[in-house]
Amino acid sequence: MEKQTITIGLPRALLYYRYYALWRTFFQELGMEVAVSGPTDRDILERGTALAIDEACLSLKIYLGHVAALVGRCDYILVPRVSNFGRHRSMCTRFESTPDLVRSVFRNSGQEFLSYEVDEEQKKDEAAAFLELGRALGRSPKDVRRAYKLAKKAQAAHYKARVQKYEQQYRRSGLKVLIAAHSYVIEDPYMGRPVTDYLKRVGVIPLRADMVDRDGALKHSRELSSTCKWEISREILGGIAMHRGDVDGVILLSAFPCGPDAMVNELIARRVKGVPMLNLVLDSQSGTAGVETRLESFIDIIRFQEGKL
Ligand code: SF4
């Protein structure tokens, strides 16, 4: 009997927004199919909230809802463990615990999970992790190396194109607001999308602190903090350092309760002066009406200060 194609499930949350070009290309180049969960909606949020402990951040609750939406629809669901990219380059601890957490939460589902581990402090880099991942799926080292190489190229090209698109936005005339948020917060249809949609509706150009050259951002992050150890927070800090002079306001957008953002946003508020700033923390109860009211006042304040109101 002909062997069926392996289908890998990708939950559309957390690191999906950073790695989807890499993951998709890697698995497809190895002859597999990928199944991505649909955009976050109320049902996904409620399923995730029911599965998570109360203390989990909104991003993790949403992630569990996406995993639930994929259970039974694919051969494996990818749940990576990404700890760090070396010293002072750590990821939030949630990214260390998700594989164990997901396996425990879905232990009676019959679903198989697939993982890889990046922990450069322990000499486990991404290339080695993907080689192991491909081998576990029965592919030859040669095929896996080739697929990984193509996947890295696709990821770099995809990210570069997105950064260029945002760079062009800085040259447009009009009121610009820089949003400091994790990609999985700002791009999620339930969390950040209503914020960017609102800003566009009222004629404001939303920009993203995380959409900058990552190596450059890591260097520039030192202008605001030389000790911040979280990789994504450092990229965001670097983006703010690079573009704070190009925008009319900054929005700090977080998912409740986020440990790294609680510290880093406080640091930003203390060290970035001379630009209006709004701190928006989203939880599962935040309705769009409350968020829009705060955004409306913020934009009014900026326009008033600039003499445009
Ligand atoms: S950085 Fe914050 S929002 Fe992201 S997973 Fe960690 S606690 Fe959740």
Side-chain angles (χ1 to χ4, degrees), residues 10-20 23 37 40 44-45 47-68 77-85 88-105 115 117-119 179-196 208-211 214 217-218 221 224-225 227-240 251-269 278-286 291:
L10 304 178
R12 192 190 294 262
L14 293 181
L15 294 177
Y16 171 81
Y17 288 98
R18 191 176 179 91
Y19 290 122
Y20 63 87
W23 292 344
S37 51
T40 306
I44 284 181
L45 172 67
R47 287 171 86 179
T49 303
L51 291 165
I53 55 167
D54 287 347
E55 293 73 20
C57 67
L58 179 57
S59 307
L60 184 60
K61 288 176 181 166
I62 285 176
Y63 183 79
L64 291 176
H66 281 275
V67 175
I77 298 177
L78 181 70
V79 187
R81 187 194 311 277
V82 183
S83 300
N84 62 76
F85 304 99
H88 299 308
R89 297 189 62 188
S90 302
M91 296 293 273
C92 168
T93 49
R94 306 257 190 233
F95 297 115
E96 289 197 51
S97 57
T98 34
D100 299 326
L101 176 76
V102 166
R103 282 195 168 90
S104 167
V105 168
S115 197
E117 183 176 4
V118 178
D119 182 349
I179 303 174
H182 295 259
S183 57
Y184 46 83
V185 172
I186 194 166
E187 290 188 43
D188 186 272
Y190 194 86
M191 294 192 278
R193 189 82 63 72
V195 173
T196 48
R208 289 176 52 170
D210 65 326
M211 276 290 147
R214 285 186 178 140
L218 290 179
S221 70
L224 293 174
S225 170
T227 53
C228 178
K229 66 169 193 160
W230 293 295
E231 179 85 349
I232 298 179
S233 301
R234 284 185 61 202
E235 289 170 5
I236 292 170
L237 284 171
I240 295 175
I251 295 176
L252 310 176
L253 184 67
S254 304
F256 180 82
C258 174
D261 281 4
M263 283 185 70
V264 173
N265 289 353
E266 182 63 28
L267 183 150
I268 295 168
L278 173 68
N279 195 359
L280 268 185
V281 182
L282 306 166
D283 62 32
S284 49
Q285 310 306 323
S286 318
V291 169

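In each ligand, atom 1 is the first atom listed, and ligand 1 is the first ligand listed.
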Exercise for review: Starting at CG of L253, measure out to CG of N265 and round the result to the nearest 0.5 Å.
Suggested key: 9.0 Å

Review point. Any donor-acceptor pair under 3.5 Å linking the side chain of R208 with the backbone of S183?
Key: no

Exercise for review: Please confirm whether Y184 comes under 4.0 Å of ligand 1, counting heavy atoms of the residue only.
Suggested key: yes

Check your understanding: Does any N or O in the side chain of S59 come within less than 3.5 Å of the main-chain N or O of L14, such that one atom is a donor and the other an acceptor?
Key -> no

Point to revise | atom 7 (S) of ligand 1 - nearest protein heavy atom and its distance | key: R94 NE, 3.6 Å

Practice item. Report yes or no: does H182 have an N/O/S atom closer than 2.8 Å to atom 6 (Fe) of ligand 1? Key: no

Practice item. Give a yes or no answer on whether the side chain of S115 reaches the backbone of V79 with a donor-acceptor pair at less than 3.5 Å. Key: yes

Review point. Where does the angle between the aromatic ring planes of W23 and Y16 fall among parallel (under 30°), tilted (30 to 60°) and perpendicular (over 60°)?
Key: tilted

Revision key, fill the gap. Per side-chain contact (heavy atoms from CB on, under 4.5 Å), I179 is matched among L278, I186, V185 by I186

Check your understanding: Would you say C57 has an N, O or S atom lying under 2.8 Å from atom 8 (Fe) of ligand 1?
Key -> yes

Study note, to complete from the structure: If you scan protein heavy atoms around atom 3 (S) of ligand 1, the nearest is S59 OG, 3.4 Å

**Study point:** Closest approach of any protein heavy atom to atom 6 (Fe) of ligand 1, naming residue and atom
**Key:** C92 SG, 2.3 Å

**Study point:** Per-residue contact class, C258 against ligand 1 - non-hydrogen pairs under 4.0 Å
**Key:** both

